[in-house]
Amino acid sequence: MPHCRLLHQAKSDAHLTTLLEEAGNVFAVFDRQDSGCWSAGIETPEGRWFVKLATTEAAHTSMQRVRELHQHVQHPAIVPLVHGLTCADGLVNIYPWESGEVLYHPTVGTRPDRTDPSQPMARFRALPLHQAQGALQQVLDAHERICDAGWIAVDFYDGCTMYDFTAHQMRLIDFDEYRPEPFDVPGDRLPGSSRYLAPEELRHSGRIDQRATVHALGRMLRLLLDAGDHEAAWRGTTEQLDVIRKATDPDPARRWPTVHDLNAAWITTR
């Protein structure tokens with residue numbers, strides 16, 4: 001992996017805009033997110049990079065935590081964190097710029113229509129079944145690696161998946177809320193999409209372990225292997241639906257206890 005030298009050697013008293021101007025050309029800006037982060041794509045002599053700045057205290061905490069995750073977990077589907085620095089504006093994490101399209105990219109005040117044929121989500125759902133299943137297998141394999149390292153998914157949803165429709169490669173991004181297991185919900189609920197959250201993630205002091213990640217991955221399989229947006233056009237098999245039902249059982253005790261168990265059961269249905 002090439003190094004983004006100017007950003008890597010940046011001084012902590014410099015502002016990010018100055019660092020970016022010195023490093024190369026900014027070709028994309030993402031300033032309408034609700035995560036407390038500001039991000040940009042920058043082209044430098046060493047390559048293209050995705051630069052993420054924490055603009056709130058909560059985002060700073062999350063971006064510090066994700067640095068530890070990336071120290072323990074590597075997988076071909078996981079976009080790696082390659083540099084981290086602190087500048088005058090706050091904490092900055094730097095990732096390689098990867099080809100692909102985020103399957104669902106909501107911004108402040110805007111929610112894309114997932115059924116629009118031009119949108120990445122609808123195009124993914126229209127892929128040949130073996131290609132879609134292969135992409136989702138990459139997600140399962142990556143999360144098995146994450147959980148084996150003692151971490152679990154928080155705030156995982158369609159917006160964490162990025163698909164390259166040319167190379168047929170799935171990439172995973174935005175692990176800022178992932179945490180070591182187990183832990184208890186610190187507030188009224190955990191952050192995340194209501195389409196993915198397990199019941200225990202919506203309760204104060206709910207106990208969160210791998211079973212919550214099993215639930216999120218089960219919901220991913222159900223939603224992304226459907227031809228539409230209402231869970232009424234299932235493209236897989238009855239056996240796969242049975243695996244998903246167990247994975248998403250409202251009672252954590254009745255789910256697959258680990259992502260390894262879910263993945264093993266899923267593989268037998270393919």
Side-chain angles (χ1 to χ4, degrees), residues 1 35-37 39 50 52 54 57-84 91-96 98 102-103 135-162 170-187 189-193 195-203 205-221 224 247-248 252-253 255-267:
M1 178 68 65
S35 62
C37 296
S39 304
F50 179 79
K52 191 171 188 178
E57 184 176 346
H60 180 94
T61 299
S62 298
M63 284 178 54
Q64 272 189 319
R65 185 172 53 231
V66 82
R67 290 182 178 184
E68 183 180 354
L69 169 63
H70 281 281
Q71 289 176 357
H72 292 91
V73 181
Q74 293 83 41
H75 185 275
I78 295 175
V79 177
L81 172 64
V82 294
H83 296 303
L91 201 68
V92 177
N93 286 345
I94 305 172
Y95 303 82
E98 298 284 357
V102 177
L103 292 191
L136 299 185
Q137 186 64 58
Q138 293 173 324
V139 180
L140 293 176
D141 293 344
H143 278 86
E144 183 171 345
R145 186 79 57 85
I146 289 168
C147 290
D148 285 348
W151 291 70
I152 50 179
V154 178
D155 196 17
F156 171 76
Y157 76 118
D158 315 328
C160 301
T161 56
M162 186 170 69
M170 181 70 90
R171 304 284 187 189
L172 294 173
I173 58 173
D174 198 3
F175 297 93
D176 291 4
E177 292 295 337
Y178 282 42
R179 302 172 195 188
E181 71 162 331
F183 67 92
D184 296 334
V185 176
R189 53 164 283 172
L190 287 177
S193 165
R195 295 175 302 131
Y196 280 79
L197 287 169
E200 63 269 25
E201 296 180 281
L202 295 166
R203 294 195 299 266
S205 297
R207 190 64 167 172
I208 308 300
D209 58 21
Q210 269 194 63
R211 288 176 170 84
T213 302
V214 167
H215 184 281
L217 294 172
R219 290 296 296 150
M220 173 202 71
L221 294 168
L224 298 189
T248 58
R255 296 179 205 146
W256 304 105
T258 69
V259 172
H260 172 82
D261 294 324
L262 166 63
N263 199 12
W266 182 258
I267 289 171

Query - Stepwise side-chain contact (heavy atoms from CB on, under 4.5 Å) check, Ile78 with Phe175 - result: CA-CA 9 Å; Ile78 295 175; Phe175 297 93; 3.7 Å; yes

Report task. Evaluate the criterion side-chain contact (heavy atoms from CB on, under 4.5 Å) for residue pair Leu197 and Tyr157; output intermediate values, then yes/no. Result -> CA-CA 9 Å; Leu197 287 169; Tyr157 76 118; over 6 Å; no

Query - Verdict with reasoning, Ile146 to Phe156, per side-chain contact (heavy atoms from CB on, under 4.5 Å) - result: CA-CA 13 Å; Ile146 289 168; Phe156 171 76; over 6 Å; no

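Considering every non-hydrogen atom in both Arg255 and Pro199, the closest pair reads NH2-CD, 3.6 Å.
When side chains are defined from C-beta on, Pro182 counts as touching Arg207, because their heavy atoms get closer than 4.5 Å. Within the 4.5 Å cutoff, the side chain of Leu172 has heavy atoms near those of the Thr161 side chain. Side-chain contact between Arg65 and Leu69 is absent, with no heavy atoms from C-beta onward closer than 4.5 Å. Two residues are said to be in side-chain contact when any heavy atoms from C-beta on lie closer than 4.5 Å; Phe50 and Asn93 fail this criterion.
The local environment of NE2 in His75 is crowded, with over 12 non-hydrogen atoms from other residues, nucleotides or ligands closer than 6.0 Å.
Without hydrogens or angle criteria, His215 side chain to Arg211 main chain gives no donor-acceptor distance under 3.5 Å. Here the side chain of Glu200 pairs no donor or acceptor atom with the backbone of Gly206 at under 3.5 angstrom. A distance-only check finds no donor-acceptor pair linking the side chain of Arg171 to the backbone of Val79 [under 3.5 Å]. Checked by atom type and distance alone, the side chain of Arg219 never pairs as donor or acceptor with a backbone atom of Val214 at under 3.5 Å. Side-chain atoms of Glu177 do not come within 3.5 Å of backbone N or O of Val154 as any donor-acceptor pair. The backbone N or O of Ala77 lies less than 3.5 Å from no partner atom in the side chain of Gln138, so there is not a single donor-acceptor pair. Under a 3.5 Å cut-off, the side chain of Arg179 and the backbone N or O of Ile152 do not form any donor-acceptor pair.
The only member of Tyr178, Trp266, Trp151 that meets ring-ring contact (aromatic ring centres under 6.0 Å, His included) when paired with His143 is Tyr178. Residue Glu144 forms a side-chain hydrogen bond (donor to acceptor under 3.5 Å, both in side chains) with just one option from Asn263, Thr213, Thr258, and that option is Asn263.
Salt-bridge formation is detected for the pair Asp174/Lys52: a Lys NZ or Arg NE/NH1/NH2 atom is positioned less than 4.0 Å from an Asp or Glu carboxylate oxygen.
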